[in-house]
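Contents: one structure, followed by commentary.
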Amino acid sequence: MLRIYNTLARDKQDFVPMRPGEVRMYVCGMTVYDFCHIGHGRMMVAFDLVRRWLRASGYRVTYVRNITDIDDKIIRRAAENRETIAELTERYIRFMDEDVGALGVEKPDHEPRATQYVPQMLQMIGRLEANGLAYRAADGDVNFSVRKFPGYGELSGKLLDDLRAGERVEVGAAKRDPLDFVLWKHSKPDEPKWPSPWGDGRPGWAIECSAMGCSLLGESFDIHGGGQDLQFPHHENEIAQSEGANGKPFVKYWLHNGFVQVDDTKMSKSLGNFFTIRDILKVFDPEVMRFFLVRAHYRSAMTYSDAHLNDAKTALTRLYTALRGAAPGKTAPDWSEPHAVRFKAAMDDDFNTAEAVAELFKLANEIGRGKMELAAQLKALGGILGLLQRDPQAFLQAGSSGALSDKDIQDRIEARLAARKQKNYLEADRIREELEAAGVILEDGPKGTSWRRA
RNA sequence: GGCGCGGUAGCAAAGCGGUCAUGCAGUGGAUUGCAAAUCCAUCUAGGCCGGUUCGACUCCGGCCCGCGCCUCCA
């Protein structure tokens, strides 16, 4: 039985989808005006794992991850760059696809863009107005009236009267309550706009997710995910809008992934302390980065540093080393085998990939003790996590060693072999040290000498 | 100020009321011409103070410290 930590309940709950055998999930994706940072990567990988595990559990999964392609920051950045919004967003969508794809994240079933769902948003705002939950303010914005929605604050555990709107940021004067949020922004000069019954304007931030989620998955669906920082106000607002408009429960299970931190502080765009996936991948193998993310539980905070990535690299190397000699090709896990049983129990416990990964190392240990037949199982279980699917040799030899080509390395290995045959160990060791200096490590085994990159 | 999360060995990171997490690093062995890889063994734990219990890292209470949300943010 899969159990999921539901933010709404603040507890783990048995997972029972609304429709038997089928799971519909929505995750808040990227606002596309800059490169993905590792925090985005974590979110993408975390929900990729959720989806993979649901699928491995036999569910038919429909996964929607939106793209926000219109908002204040996009408008500003495009203006700074003297390019159109479309040019800017298309470029960063492409970069996102490349970066996230490198991390082994599978494409969602749908990747709706906010600008494609304006009619659906307007329809929803209309219903909110009809239900007395939205009003057109003096400045022309259409706002959601937070106090008219009784459940407001349930997800984030906040009470309206405890919130201090305006303490840190100026509140729009036209709002009836400082906590009211904008559904539709009236148009300003030099900004993109769409016609609407409330005048030309553009969407507020949260309405897009309500509109896209409900359009693609229905007015009620199973799972909604996103980063912890979206819990309030974004997800709170989504619930208010969707339930206010539709009059039925919006989402059954809310999932929130923890942050990636740097120097014990949240990594974020606004703090400027972020590392882009792109930059990290210049130094580290993408699978190492995925492994780094998979090794921790998705809800806990984790700290990014090169040292931790190096640690992940060594650990992943151990797994691939155990896989040498495994038959190539894809096999399904044998779920009756003890390691797989524990792996499944771990994943069923709120997607505990940390514990599941530990099981992979136990398999590696068994393989090292001679149970070669478990290599297929290791690879199969790794595959559930989107890991270990490469040819081990290719992983272990990935990278480059300056001027030394693979052929050069092979030639030196031959030369060393000849020296060893003549018991010229001085020369043999010299060659090995030469290669080692170039980052190539030799391993003499019963079947000859193999090499890998450090 | 309100709400929430967390403090586990040198580092990273899990589960668990009573034998083992796991990875990296360290130490000692096996193996190797020497290494590497692998295997075996092994050292480093549970912020502090109380309580419950035959027994607590695990449950309860208090305290200290850190982080997050309350503003756009994964």
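Throughout, a chain's letter reflects where its sequence line sits, starting with A, and its residues are numbered from 1.
- Which of B/rC34, B/rA37, B/rC3 sits closest to the side chain of A/K158 comes down to B/rC3.
- In this entry the distance linking CG of A/D229 with P of B/rC69 reads 7 Å, nearest Å.
- Checked for salt-bridge contact, A/D177 and A/K148 miss the test: no charged N lies under 4.0 Å from a carboxylate O.
- As judged by a 4.0 angstrom heavy-atom cut-off over every strand, A/Y425 is placed among the base-contacting residues.
- At the heavy-atom level, A/V260 lies under 4.0 Å from base atoms of the strands shown.
- Rounded to a whole Å, the CZ atom of A/F343 is 14 Å from the C1' atom of B/rU22.
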Steps toward side chain to side chain contact (heavy atoms under 4.5 Å, CB included) verdict (A/I70, A/E208): CA-CA 10 Å; A/I70 179 71; A/E208 64 175 82; 5.5 Å; no
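- Nucleotides B/rC59 and B/rG68 are separated by 25 Å at their P atoms, to the nearest Å.
- Salt bridge present: A/R202 and A/D72 bring a charged side-chain N and a carboxylate O closer than 4.0 Å.
- The CE atom of A/M347 sits 14 Å away from the P atom of B/rA14 (whole-angstrom rounding).
- Within 4.0 Å of A/T321, counting heavy atoms only, lie sugar-phosphate atoms of the nucleic acid but no base atom.
- Nearest nucleotide to the A/M267 side chain, out of B/rU22, B/rA74, B/rG15: B/rA74.
- Across all strands shown, B/rU19 has no partner, as no Watson-Crick or G-U wobble contact with both distances under 3.5 Å is found.
- Closest to the A/R452 side chain, of the nucleotides B/rC24, B/rC34, B/rA37, is B/rA37.
- Taking atom C1' in both B/rG7 and B/rG46, one finds a spacing of 9 Å when rounded to whole Å.
- When heavy atoms are screened at a 4.0 angstrom cut-off, A/H256 is found touching no nucleic acid atom at all.
- For A/D162, whose side chain is taken as the heavy atoms from C-beta onward, the closest listed nucleotide among B/rC39, B/rG33, B/rG2 is B/rG2.
- Residue A/M30 contributes atom CE, which lies 7 Å from atom P of B/rA74 at whole-angstrom precision.
- Picking from B/rC69, B/rG33, B/rA13 the nucleotide with the shortest atom distance to the side chain of A/A428 gives B/rG33.
- If you check every strand for non-hydrogen atoms under 4.0 Å, A/A315 touches sugar and phosphate atoms only.
- When heavy atoms are screened at a 4.0 angstrom cut-off, A/G29 is found touching the sugar-phosphate backbone but no base atom.
- Within 4.0 Å (heavy atoms only), A/N365 reaches sugar-phosphate atoms of the nucleic acid but no base atom.
- Spacing of C1' atoms, B/rC70 relative to B/rU53, comes out at 41 Å, to the nearest Å.
- Comparing B/rG33, B/rA74, B/rG23 by their closest approach to the side chain of A/T31 singles out B/rA74.
- Atom CD of A/E236 is separated from atom P of B/rG4 by 14 Å (rounded to the nearest Å).
- Each of A/L230 and A/L426 was assigned the nucleotide of RNA chain B with the nearest heavy atom; the assignment lying further toward the 5' end belongs to A/L426.
- In this structure, B/rC57 makes no Watson-Crick or G-U wobble pair, since no nucleotide meets both defining distances under 3.5 angstrom.
- Atoms OH (A/Y298) and P (B/rA13) sit 17 Å apart, rounded to a whole Å.
- Out of B/rA13, B/rC70, B/rG33, the shortest distance to the side chain of A/R420 is found at B/rG33.
- For the pair A/R430 and A/E427, the salt-bridge criterion is met [side-chain N within less than 4.0 Å of a carboxylate O].
- Nucleic acid contact for A/S450: none, since no nucleic acid atom lies under 4.0 Å from a heavy atom of the residue.
- The nucleotide B/rA35 finds no pairing partner, because no Watson-Crick or G-U wobble arrangement with both distances shorter than 3.5 Å includes it.
- B/rU22 and B/rU42 have their P atoms separated by 12 Å, given to the nearest Å.
- Ranking B/rA14, B/rG33, B/rC24 by closeness to the A/S300 side chain, first place goes to B/rA14.
- Here A/R299 does not reach the OP1 or OP2 of B/rA14: none of its side-chain N or O atoms lies under 4.0 Å away.
- If you take atom P in B/rC34 and the same atom in B/rC57, they sit 46 Å apart, rounded to whole Å.
- A salt bridge links A/E90 to A/R113: one of the charged nitrogens lies within less than 4.0 Å of a carboxylate oxygen.
- Judged by Watson-Crick or G-U wobble contacts below 3.5 Å, the nucleotide B/rC48 has B/rG62 as its partner.
- Between B/rG15 and A/R342, no contact under 4.0 Å exists linking OP1 or OP2 to a side-chain N or O.
- Proximity of A/K362 to the phosphate of B/rC20: no side-chain N or O atom is located under 4.0 Å from OP1 or OP2.
- Note: A/F343 and A/W335 have tilted aromatic rings, judged against thresholds of 30 and 60 degrees for the angle between ring planes.
- Nucleic acid contact class of A/Q261 (heavy atoms, under 4.0 Å, all strands): sugar-phosphate only.
- Note on A/R369: every side-chain N or O is 4.0 Å or more away from OP1 and OP2 of B/rU38.
- In this structure, A/N310 does not reach the B/rA12 phosphate: none of its side-chain N or O atoms is under 4.0 Å from OP1 or OP2.
- You won't find any donor-acceptor pair under 3.5 Å spanning the side chain of A/R295 and the base of B/rA13, going by distance alone.
- Nucleic acid contact class of A/D264 (heavy atoms, under 4.0 Å, all strands): sugar-phosphate only.
- Within 4.0 Å (heavy atoms only), A/I441 reaches sugar-phosphate atoms of the nucleic acid but no base atom.
- At a threshold of 4.0 angstrom between heavy atoms, the contacts of A/G227 are confined to the sugar-phosphate backbone, with no base atom among them.
- Across all strands shown, B/rA13 forms no Watson-Crick or G-U wobble pair with both key distances under 3.5 Å.
- Look at B/rG4: its Watson-Crick or wobble partner, with both distances under 3.5 angstrom, is B/rC67.
- Under the Watson-Crick or G-U wobble criterion, with both distances below 3.5 Å, B/rA41 is paired with B/rU27.
- Computed from coordinates, the A/D161 CG to B/rG1 P distance equals 19 Å when rounded to whole Å.
- Crowding of A/D14 atom CG: a count of heavy atoms from other residues, nucleotides or ligands under 6.0 Å exceeding 12.
- Between B/rA13 and B/rU8, the two P atoms lie 9 Å apart (nearest whole Å).
- Taking the six-membered ring where tryptophan is involved, the planes of A/Y152 and A/F181 are essentially parallel, since the angle between them stays under 30° and well short of 60°.
- Taking 4.0 Å as the cut-off between side-chain N and carboxylate O, A/R453 and A/D406 count as a salt-bridged pair.
- Sequence order on RNA chain B of the closest nucleotides to A/G445 and A/M302 puts A/M302 first from the 5' end.
- Closest to the side chain of A/F232, out of B/rG23, B/rC69, B/rA74, is B/rC69.
- Closest contact between the side chain of A/N352 and the listed nucleotides B/rG15, B/rA37, B/rC69 involves B/rG15.
- Interface remark: the A/D349 side chain does not form any donor-acceptor pair with the B/rG15 base, using a distance-only criterion of under 3.5 Å.
- Across the protein-nucleic acid pair, A/Q393 atom CD and B/rA37 atom C1' stand 14 Å apart, rounded to whole Å.
- Taking a cutoff of 4.0 Å between a charged side-chain nitrogen and a carboxylate oxygen, A/D161 and A/R147 qualify as a salt bridge.
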